[in-house]
Amino acid sequence: MTFRNPQFAFSNSKKLSRAFYLRATLRVARDLLGKYLVREYRGKKLIGKIVEAEAYREGDPASHSFRGKTKRNEVMYWKGGHLYVYFTYGMHFCANVVTGKAGVGEAVLIRAVEPLIGIDVMMRNRFGTHQFPPEAPARLTSSRWSGGDAPLAQTNDQSPINLTNGPAKFCEAFAIGREQNGADLLGDQIYILNGERIPESKVGRSTRIGIKNGREKKWRFFVKGNPWFSR
DNA sequence: TGGACGATCCCCT
DNA sequence: GGGGATCGTCCAT
């Protein structure tokens with residue numbers, strides 16, 4: 001079911017319980033489709049509907065947890081319902097929903113959302129004029145960003161689709177960075193609401209994007225036909 | 001201590 | 001379709 005007025009839809013939604021996240025990772029990945037991710041940012045709500053997600057599991061060669069717990073991936077081993085944010089390619093953040101019991105290193109990467117509320121703020125976060133000194137190269141300054149402040153992307157495509165149709169784009173639009181690593185999704189900073197139920201007929205499934213090892217696993221889930229999923 | 005590389009994005013060809 | 005940007009992390013010296 002789709003809502004003509006997203007404001008109405010999220011006001012009637014409830015925050016997902018801890019139990020939701022403690023379930024099997026593949027189950028959580030599929031069920032996250034259609035849920036509303038809420039980011040409280042500077043007194044405003046940013047809300048997006050999750051339309052693409054990938055599961056990463058223990059024993060999975062594509063997972064950061066494949067070689068065991070490290071300082072970087074430690075949040076993956078927390079109990080389900082936390083946010084694991086990592087920094088990659090020297091300039092991007094990606095966000096995962098931690099799943100399963102404490103001690104189990106599994107998570108679901110949020111690859112794309114459909115923006116619903118706070119689109120003006122997302123636009124500014126992604127495409128706005130940065131606040132660093134004008135003489136500083138944008139690429140240099142953007143890498144120092146830690147998720148709380150300045151905007152960034154140097155792109156010519158400022159269409160709504162380009163706001164959140166990829167894991168790092170979504171993080172940039174939602175101002176998710178280092179400081180959000182380990183956030184409790186049952187808290188008030190970032191959380192997920194029980195949004196729309198996506199019927200099986202609209203759930204697409206494929207291999208995961210951008211990995212070498214474990215590429216045969218069909219652990220990517222997306223909402224068929226939604227314009228915001230990444231490819 | 002060094003080097004390779006990455007769950008990406010962007011622009012150019 | 002391909003390469004560059006850019007740096008934290010991990011593993012091999």
Side-chain angles (χ1 to χ4, degrees), chain A residues 25-26 28-30 32-33 37 50-77 82-100 105-113 115 122-123 125-128 130 132 136-147 150-182 205-222 228-231:
Chain A
T25 302
L26 287 174
V28 174
R30 182 259 176 263
L32 278 173
L33 297 180
L37 190 145
I50 298 170
V51 298
E52 182 183 354
E54 287 178 352
Y56 289 86
R57 301 175 65 192
E58 285 203 335
D60 166 12
S63 173
H64 289 174
S65 62
F66 185 57
R67 296 176 199 284
K69 193 196 293 189
T70 67
K71 189 168 185 179
R72 179 202 201 194
N73 67 19
E74 119 173 64
V75 173
M76 286 186 82
Y77 291 82
H82 289 87
L83 198 69
Y84 166 50
V85 181
Y86 67 87
F87 181 65
T88 191
Y89 292 104
M91 55 177 74
H92 297 301
F93 294 98
C94 293
N96 299 251
V97 171
V98 175
T99 57
E106 304 200 354
V108 175
L109 173 70
I110 306 300
R111 283 197 58 89
V113 308
M122 298 180 205
M123 294 283 284
N125 288 342
R126 280 273 292 145
F127 312 134
H130 68 70
F132 295 107
R139 287 199 172 86
L140 181 64
T141 52
S142 70
S143 68
R144 293 179 182 162
W145 182 65
S146 65
L152 317 154
Q154 304 296 302
T155 176
N156 294 322
D157 179 4
Q158 302 195 356
S159 65
I161 292 294
N162 196 31
L163 267 183
T164 54
N165 62 345
K169 298 182 195 181
F170 151 68
C171 281
E172 197 170 68
F174 277 67
I176 293 171
R178 292 181 212 292
E179 293 164 19
Q180 283 66 48
N181 187 34
R205 193 164 171 174
S206 78
T207 56
R208 294 170 293 180
I209 308 286
I211 57 170
K212 288 200 183 87
N213 301 319
R215 61 184 175 277
E216 75 286 353
K217 301 275 195 302
K218 297 177 80 169
W219 288 352
R220 169 176 177 250
F221 300 85
F222 57 95
W228 274 270
F229 75 78
S230 64
R231 64 179 78 170

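Throughout, a chain's letter reflects where its sequence line sits, starting with A, and its residues are numbered from 1. Keep in mind that this is a model prediction, so the values were computed, not measured.
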Trainee: Answer yes or no: does a side-chain N or O of A/Asn96 lie under 4.0 Å from OP1 or OP2 of B/dA7?
Mentor: no
Trainee: Under 4.0 Å, counting only non-hydrogen atoms across every strand here, what does A/Ile211 touch: a base, just sugar-phosphate, or nothing?
Mentor: sugar-phosphate
Trainee: Applying side chain to side chain contact (heavy atoms under 4.5 Å, CB included), can you list everything that pairs with A/His64, at least two apart in sequence or on another chain?
Mentor: A/Arg72, A/Asn73, A/Met76, A/Tyr84, A/Tyr86
Trainee: Please list, chain by chain and in numerical order, all residues satisfying side chain to side chain contact (heavy atoms under 4.5 Å, CB included) with A/Pro167, sequence neighbours excluded.
Mentor: A/Cys94, A/Leu109, A/Arg111
Trainee: Got a sec, which residues hit ring-ring contact (aromatic ring centres under 6.0 Å, His included) with A/Phe221, two or more places apart in sequence or on another chain?
Mentor: none
Trainee: For Watson-Crick and G-U wobble pairs within 3.5 Å on both distances, what is DNA chain B written in dot-bracket notation, | included for inter-strand pairing?
Mentor: ||||||.|||||.
Trainee: Using only side-chain N and O atoms of A/Asn165, determine if any of them is under 4.0 Å from OP1 or OP2 of B/dC9.
Mentor: no
Trainee: Under 4.0 Å between a side-chain N/O of A/Lys212 and OP1 or OP2 of B/dA7, yes or no?
Mentor: no
Trainee: Could you check whether A/Ala62 gets within reach of a base, just the sugar-phosphate, or nothing at all, counting any heavy atom under 4.0 Å?
Mentor: base
Trainee: Could you list all N or O pairs between the protein and nucleotides 9-13 of chain C that sit under 3.5 Å apart?
Mentor:
| unit_1 | atom_1 | unit_2 | atom_2 | d |
| --- | --- | --- | --- | --- |
| C/dC10 | OP1 | A/Thr70 | OG1 | 2.4 |

Trainee: Starting the side chain at C-beta, find the nucleotide from B/dC9, B/dC11, B/dT8 nearest to A/Lys169.
Mentor: B/dC9
Trainee: Any side-chain N or O of A/Arg111 under 4.0 Å from OP1/OP2 of B/dT8?
Mentor: yes
Trainee: Determine whether the aromatic ring of A/Tyr56 stacks with the base of B/dA7, defined as ring centroids separated by less than 5.5 Å and ring planes inclined by less than 30°.
Mentor: yes
Trainee: At 4.0 Å (heavy atoms only), tell me whether A/Asp60 reaches a base, stays on the sugar-phosphate, or touches nothing.
Mentor: nothing
Trainee: Who passes side-chain hydrogen bond (donor to acceptor under 3.5 Å, both in side chains) against A/Ser206, sequence neighbours left out?
Mentor: A/Arg220
Trainee: Just compare B/dG6, C/dT6, B/dA7 and give me whichever is closest to any side-chain atom of A/Met91.
Mentor: C/dT6
